[in-house]
Amino acid sequence: MSDFVLRVGSRSAQGIRPNNEDRFVVDLTQNLFLVADGMGGQDRGELASGMAAEIIPQVLHERMAAQDSPEQALRQAMAQANQAILDAGQEQPEGRRMGTTAVVAVHRDNQVFVAGLGDSRAYLIREGKVEQLTVDHSVAQALVASGALTPEEARHSPYQHVLHKFLGCSNMGDGADVSPFEPKAGDCLLLGSDGLTNHLNDEDMLDGRARFPDPQDWADHLVQLALSRGSRDNVTCVVVTFEQS
Ligand code: CA
């Protein structure tokens, strides 16, 4: 059984948008990390991502205290946040939606449990390789999975940012998928909103990790890099490094 020291860097930038609809959570008492990217008119996006950032850690805490497994607790937390955001969106005018993505990671029992809804992403950076741990719930990605689009076509598709699964969605299907991995010393976990991940490739993630030993400097660098490449969105990232204690 390995014990790790987790070191974390986090940053959220409004960019050129009139408001910041991204939210993040770094909770080192629960070893919980979250990025949420809200959508909706006026202040609705911020309200939705704020609700996700509040409800998910709270439900996880309650469910794990009640001896639920981390998978069950995560799925329950996502389901409760979904319902609360749906309820809050009831007074929205017809055709307007209120919702948010959420990508969540919890380190527990020498495993990291990752769940995502929407198109915010989690990546594992291990031994010089980058692995995307989450699937984008965009219509374009679903068309790639069915063979109707190539990944390259999907990048330019008008459906790239149309989500079919997110928090505040009336049909969640079978809910959030939870995938665990066993961390190794030297691993890095990166959570990001699409304002970040649309502008970075694998080399950027590997190169930054090598150059910035302090995770906070690394997070600052990644956000700055996305902005310098013309991200017109809110840009958010949380990076977690696993170091042998
Ligand atoms: Ca976004």
Within-4.5 Å side-chain heavy-atom neighbours: [X] and [Y]:
X: Tyr123; Y: Thr197; value: yes
X: Phe4; Y: Asp187; value: no
X: Arg63; Y: Gln72; value: no
X: Glu62; Y: Gln76; value: no
X: Val239; Y: Cys188; value: no
X: Gln224; Y: Arg11; value: yes
X: Val130; Y: Leu206; value: yes
X: Val106; Y: Leu60; value: yes

With rounding to the nearest 0.5 angstrom, report the [atom1] to [atom2] distance, [X] to [Y].
X: Leu149; Y: Leu143; atom1: CG; atom2: CG; result: 4.5 Å
X: Arg121; Y: Leu196; atom1: CZ; atom2: CG; result: 10.0 Å
X: Leu32; Y: Ile56; atom1: CG; atom2: CD1; result: 8.5 Å
X: Leu167; Y: Asp37; atom1: CG; atom2: CG; result: 11.5 Å
X: Leu191; Y: Thr236; atom1: CG; atom2: OG1; result: 11.0 Å
X: Ser120; Y: Leu34; atom1: OG; atom2: CG; result: 9.0 Å

With clusters defined by side-chain heavy atoms of hydrophobic residues (ILVMFWY) lying less than 4.5 Å apart, directly or transitively, does [Y] cluster with [X]?
X: Phe24; Y: Val114; value: yes
X: Leu133; Y: Val26; value: yes
X: Val59; Y: Met172; value: yes
X: Val103; Y: Leu190; value: no
X: Leu222; Y: Phe212; value: yes

Basic-acidic side-chain contact under 4.0 Å: [X], [Y]:
X: Asp174; Y: Lys165; value: yes
X: Arg23; Y: Glu46; value: yes
X: Arg126; Y: Glu131; value: no

Would a distance-only check, ignoring hydrogens and angles, find a side-chain to backbone donor-acceptor pair under 3.5 Å from [X] to [Y]?
X: Ser49; Y: Gly45; value: yes
X: Asp136; Y: Ser138; value: no
X: Gln132; Y: Thr134; value: yes
X: Asn82; Y: Cys169; value: yes
X: Asn234; Y: Gln14; value: yes
X: Thr100; Y: Ala36; value: no

| Do we get Arg209 above Trp218's six-membered ring, with its NZ or CZ under 6.0 Å from the centre and within 45° of the axis? |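 Arg209 over Trp218 ring: yes.
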
Identify the two heavy atoms, one from [X] and one from [Y], that lie closest to each other, and give their separation to 0.1 Å.
X: Val112; Y: Ala105; value: CG1-CB, 4.2 Å
X: Arg108; Y: Gln30; value: NH2-O, 3.7 Å
X: Gly118; Y: Leu163; value: CA-CD1, 4.0 Å
X: Ala154; Y: Val144; value: CB-CG2, 3.4 Å
X: Pro213; Y: Arg7; value: O-NH1, 3.5 Å
X: Asp3; Y: Ser245; value: O-OG, 3.2 Å

| Can you check whether His107 and Phe113 have ring centres sitting under 6.0 Å from each other? | no

| Step-by-step side chain to side chain contact (heavy atoms under 4.5 Å, CB included) determination, His199 to Val235 | CA-CA 10 Å; His199 298 273; Val235 181; over 6 Å; no

| request: Using the side chain to side chain contact (heavy atoms under 4.5 Å, CB included) rule, take Val8 and Leu28 through it: C-alpha gap first, then chi angles, then the decisive distance, then the call. | output: CA-CA 9 Å; Val8 186; Leu28 283 168; 3.9 Å; yes

Going by distance alone, is a donor N or O of one side chain under 3.5 Å from an acceptor N or O of the other, for [X] and [Y]?
X: Ser231; Y: Asp233; answer: no
X: Asn20; Y: Ser12; answer: yes
X: Glu152; Y: Thr150; answer: no

| message | Within a 6.0 Å radius of atom CD on Gln111, are there more than 12 heavy atoms belonging to other residues, nucleotides or ligands? | response | yes

| remark: Sorted by chain and number, sequence neighbours left out, side-chain contact (heavy atoms from CB on, under 4.5 Å) with Asp204 holds for Leu200, Asn201, Leu225, Arg229

| message | Going by ring-ring contact (aromatic ring centres under 6.0 Å, His included), name the pairs with one or both residues in residues 149-193, residues two or more places apart or in two chains. | response | His137-His164

| request: Give the intermediate values and the outcome of side chain to side chain contact (heavy atoms under 4.5 Å, CB included) for residues Phe242 and Leu6. | output: CA-CA 5 Å; Phe242 293 80; Leu6 274 54; 3.7 Å; yes

| task | Apply the test side chain to side chain contact (heavy atoms under 4.5 Å, CB included) to residues Gln141 and Gln160: give CA-CA distance (whole Å), side-chain angles for both, the deciding distance (0.1 Å), then the verdict. | result | CA-CA 7 Å; Gln141 185 56 45; Gln160 196 200 351; over 6 Å; no

